[in-house]
Amino acid sequence: MLLPWEYGVRNLFRRPIRSLLTLAALATVIMLVFLMVGFIRGLEQSLVISGDPDVVLVYSVNSEESLENSAIAARTPELLTSSLSGIVQRFGVTHISPEMYLAARVRTQDGHSGFGLVRGVKQTAPLVRRSVRLLEGQWPGPGEVMAGQLASTKLGTPVESLDIGRTIEMEGQAWRVSGTFAAGGSGYESELWCNLGDLQTAAKRQDLSLVAALLEPGASVAEIQLFCKQRNDLELRAIRETDYYASLQQYYRPVRMLAWVVVTLVAAAGVFAGMNMMYGAVSGRIRELAMLQAIGYRRRAILTSLVQEGVILAAAASLLAGAIALVFINGLAVRFTMGAFVLRVDGVAILIGCAVGLTIGVLGALPPALKALRQPVATALKAV
Amino acid sequence: MFRFYSTLALTGICALTIGCGRTEIATQTRPSSLGVDSSFLASSEPTESTPVKAARQELENGQEATLVGIIGGSKEPFVDGLAAFTIVDPSIPYCAGDDDCPTPWDYCCTQDQVRDGIATVKMVDDAGAPVAVDARELLGVKELSEVLVSGTAVRDDEGNLTLVANKVFVKKP
């Protein structure tokens, strides 16, 4: 026969301060788990969303996966257009986007400065970068930039510093902010976009960093890869955009592994904290537990009741931490080497956080409860 | 209580066994000869062949030739999904095993020489269409395989050389 459910619940209210402190400790631990899992999920989502399976990137074979280091001939887009058939063409416009991509020091009007990611594009860019949406303002004209909604986070400057009409300084020139754009959570949101020609002039470069091409349905990237092999003089390589970001995921694997290690360590710390609390709680109740045995409750029933207390506390802490995480952590922008991304407390993060919380409740309660029940009833009844 | 401990221990052992088990699939490797099409493989070694470097200087557009070279020239010398790859002149050295280079076929130590000693091979069928099978599967070759390729040269104004080929002889290492 099990102890009544209310018995365990009431026990928590018998020592309200201790229960509240434990709740706060567990909620803090679970919050840390939410934070770390939110970081991992945000990073992964940002890389997954950034890749379009229909887009092929053509960049320098010598750039070692880094588009910022890539430099290819300015005539590459024309060569690709004239040599290949699998690229989308509509109303006489080829869906191909020549781009210059570089990291530059950006100084805002209010004196803040930081390294930003700048992409020089032509008006065909939105045909290929299909996730980009203009939120406010307009497409950049001469001497203007359009700011992604996470660009200020990447720069480490206040959001207002990239408001429409403000001026920024980069590559030795002043640029006016003409608009703000979103890109469905992808990496572009941490970038500043301007006209390709303007950026080439400012950077004193005539080459391109990459060419992005939108493939027709069913077209193969192999045709473009073969073109790159055949045109050895251009030193090009072609890769499907999703594969490029998958390779970046591999690049950031150690970071993600480290984050998972932190999650494990935090969870382990939570288990020990829970255990400590339960040892304290149970040691003061040895006579009570022995009395329960004396009146006929089996050890397993008492153990279940003690675990129930731990789990109730952990579940409450998980709910509290989950609510705080959803309100305050979810959507928080984080600066990172590749740009910026937002922390995502999604279904997976909630599941992991709550699972860690409940595990802490069970594992934290088991050892002290087992220790208390191991004593003979007669001895335990006389315990001080 | 003993039964409870036993159940707990058994659950733990099961979890460890499942968690630590390695799947067979993960350790299996694909046989290199999978899907090799003998119609593209020459049964005997051609008696005459031209090294890639010489071919880049001598061959004209449309000329029939047999090139000898080593598959490589970049980190990914094969085109995924097409029977096409690049070959490098055999006289150009690649990183030897003791150089601790994980991808010796990219000729990272001698890239300046590769520029004038590389050619692209594109396998075509009887109708002249590119073969949409990875060359590794079609020919059973891999990076650094030495091959003799027979076909027609395609030149461009920039000096690039492509051999549109229909027969390959793979030299035994």
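Protein chains get the first letters and strands the later ones, always in sequence-line order, with residue 1 at the start of each. Predicted model only: the values in this text are computed from it and were never measured.
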(message) Heavy-atom count check: over 12 atoms from other residues, nucleotides or ligands less than 6.0 Å from Q206(A) CD?
(response) no
(message) Is it the case that atom CG in D112(B) sees more than 12 heavy atoms from other parts of the structure closer than 6.0 Å?
(response) yes
(message) For the OG1 atom of T120(B) and the CZ atom of F227(A), what is their distance to the nearest 0.5 Å?
(response) 11.5 Å
(request) Apply side chain to side chain contact (heavy atoms under 4.5 Å, CB included) to V114(B) and N232(A), showing your working. (result) CA-CA 10 Å; V114(B) 169; N232(A) 253 301; over 6 Å; no
(message) Taking atom OH as the centre, does Y297(A) end up with more than 12 heavy-atom neighbours from other residues, nucleotides or ligands that are less than 6.0 angstrom away?
(response) yes
(message) Quick check on Q111(B) against chain A: is it the side chain, the backbone, both or neither that has a heavy atom closer than 4.5 Å?
(response) neither
(request) Looking only at non-hydrogen atoms, find the nearest pair between V79(B) and A222(A) and report the distance. (result) CG1-O, 3.6 Å
(request) Report, as yes or no, whether the 6.0 Å neighbourhood of atom CD on E60(B) holds more than 12 heavy atoms from other residues, nucleotides or ligands. (result) no
(message) If I measure from the heavy atoms of chain A, does P77(B) come under 4.5 Å with its side chain, its backbone, both, or neither?
(response) backbone
(request) Flag the pair L226(A) / K122(B) as yes when at least one side-chain heavy-atom distance between them is below 4.5 Å, and no otherwise. (result) yes
(request) Working to the nearest 0.5 Å, report the span between CG of N62(A) and SG of C108(B). (result) 12.0 Å
(request) Counting only heavy atoms closer than 4.5 Å, note whether D156(B) contacts chain A via side chain, backbone, both or neither. (result) side chain
(message) Working note: R237(A) + E76(B), criterion side chain to side chain contact (heavy atoms under 4.5 Å, CB included); need CA distance, chi angles, decisive distance, verdict.
(response) CA-CA 9 Å; R237(A) 70 173 300 202; E76(B) 292 153 7; 3.1 Å; yes
(request) Pick out which of R231(A), Q230(A), K229(A) makes a side chain to side chain contact (heavy atoms under 4.5 Å, CB included) with N160(B). (result) R231(A)
